[in-house]
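Okay, so here's the structure we're looking at.
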Amino acid sequence: MSDRCPSLSEHLMTQLVGLHGVLGRSDHRAATGMLADVLGPAGQRSLDEPGQWFSDVADDGTPLEFSLAFDHAKEPTLRLLTEAVGADPGKYANQLAALACLDSWRDRYHLSTERLDRVRDLFLPDDNQGLFSMWLSLVFRSSGLPRVKVYFDPEAQGPHRAGDLVAEGLRRMGLGAAYPTLLAHTGRPDRVGGDRFSFFALDLHEDSASRVKVYVSHRDGTADDAVLAARAVPGVDDDEVREFVAEIGGPGPFDSRPLISSYTFVDGDTDRPSGYSLYIPIRAYVADDAVARRRVGRLLDRYGYDASLLDAAIAVLTDRSLSSGSGLIAHVSLRFGAGVPGVTMYLSSEAYAVAPPRPDAEALVALSDGGGRRRVDA
Ligand code: TRP
């Protein structure tokens, strides 16, 4: 091996191929080809040059985050959340780059942009005021074509318009009656930060007639906010939500990075969503990744999932010790609904940087825990 610093593309491709190996999949051509499309010329830059675009997808600005989803009914799923990077990057250039990717994938992967076109004028104004204009999620299962989702920023026309955009976006998907349900379960007015709509997402697969997801961030939220949010969906057990929050996030308060709820709408839904997921930004509430790994291990055990796959994935992504940094495990989510919940772990590539351990994160949590000194990760 030479001492030359790898390019962004080399770094991410090695990880992507390694993750396919962990999942026992030998054919990674669709995934590596799509990643090359998404990175474009930005992929060729050496990692020792600063990236030209600091993406909010990951804390170190890498325009990609991996995730590994466990679900009893199926093989684990590998997903990439990405921001396509334009040649002269910026929100608008990146939007054009993302649309060009969709164009080039349309026939091969049976995508339809018809539903995207229905909401384009809402979420993709030329002078986008959100954090980003459009992200792509690429989903790889052990068989079948890759699936693609697009994410929009509801604040594309400014924060004050976010509710209107979500309401109108839902209406155009035939889900207008669901908006009041979402409002009734979010946005508690008595809290300092308040809730905000953080993403509006569409599945672009031809056969997914109406898969829409709406995400709500609970700024300064508590487990109670998550419970209230979850009650928008029939059949979610309050205690299971609380247990997940405590096990992964600790006792709170969740006043650093927010807890995030997502609602999933499928064919046949009208006035309420049929799926609920809760995302916990675990990295903000642990001292380091070793603590995060222990917490996630307990969750996986409890639901009967194989934690050794997570360890193998981590070993592909990094050779640092878990206690030497934080944020490799960025979020953990639980999907509630029928049957055993699905668990997803969001894993950083750490292409540009490793965040240092943050012993203060836990110290603060421990102190706020009834004033006691009990360690929350014990
Ligand atoms: N980095 C952003 C955040 O942490 C966006 C993001 C990336 C995100 N992956 C996510 C948000 C998973 C929720 C869940 O907020």
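Numbering of ligands and ligand atoms starts at 1, following listing order. Given the structure is predicted, the values throughout are model-derived calculations rather than measurements.
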Decide side chain to side chain donor-acceptor pair (under 3.5 Å) for Thr113 and Arg106; before the verdict, give the C-alpha distance in whole Å, the side-chain angles of both, and the deciding distance to 0.1 Å.
-> CA-CA 8 Å; Thr113 49; Arg106 187 190 318 265; 2.7 Å; yes

Mind telling me whether Trp135 and Phe199 have parallel, tilted or perpendicular rings, with 30° and 60° as the class edges?
-> tilted

Is the shortest distance from a Lys or Arg side-chain nitrogen in Asp127 or Lys91 to a carboxylate oxygen in the other one below 4.0 Å?
-> no

Charged N-O contact under 4.0 Å between Asp203 and Lys213 |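 No, this pair does not count.
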
By number and element, which atoms of ligand 1 are closer than 4.0 Å to a non-hydrogen atom of [X]?
X	answer
Tyr279	14 (C)
Ile260	11 (C), 13 (C)
Leu81	7 (C), 9 (N)

Is the gap between the ring centers of Tyr151 and Phe200 under 6.0 Å?
->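 So the answer is no for these two rings.
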
Is the Tyr215 to Phe197 ring centre distance short of 6.0 Å?
-> no

Please confirm whether [X] comes within less than 3.5 Å of ligand 1 when only nitrogen or oxygen atoms on both sides are compared.
X	value
Val57	yes
Tyr346	no
Glu65	yes

Can Asp288 and Ser326 be said to form a side chain to side chain donor-acceptor pair (under 3.5 Å), step by step?
-> CA-CA 4 Å; Asp288 57 53; Ser326 67; over 6 Å; no

Please state which protein non-hydrogen atom is closest to atom 2 (C) of ligand 1 and give its distance, to 0.1 Å?
-> Asp56 O, 3.3 Å

Ligand 1 versus Asp59, non-hydrogen atoms closer than 4.0 Å: side chain, backbone, both, neither?
->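 Contact part for Asp59 vs ligand 1: neither.
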
Taking the minimum heavy-atom distance to atom 10 (C) of ligand 1, which of Arg283, His331, Glu83, Arg257 ranks first?
->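 Looking at heavy atoms only, His331 sits closest to atom 10 (C) of ligand 1.
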
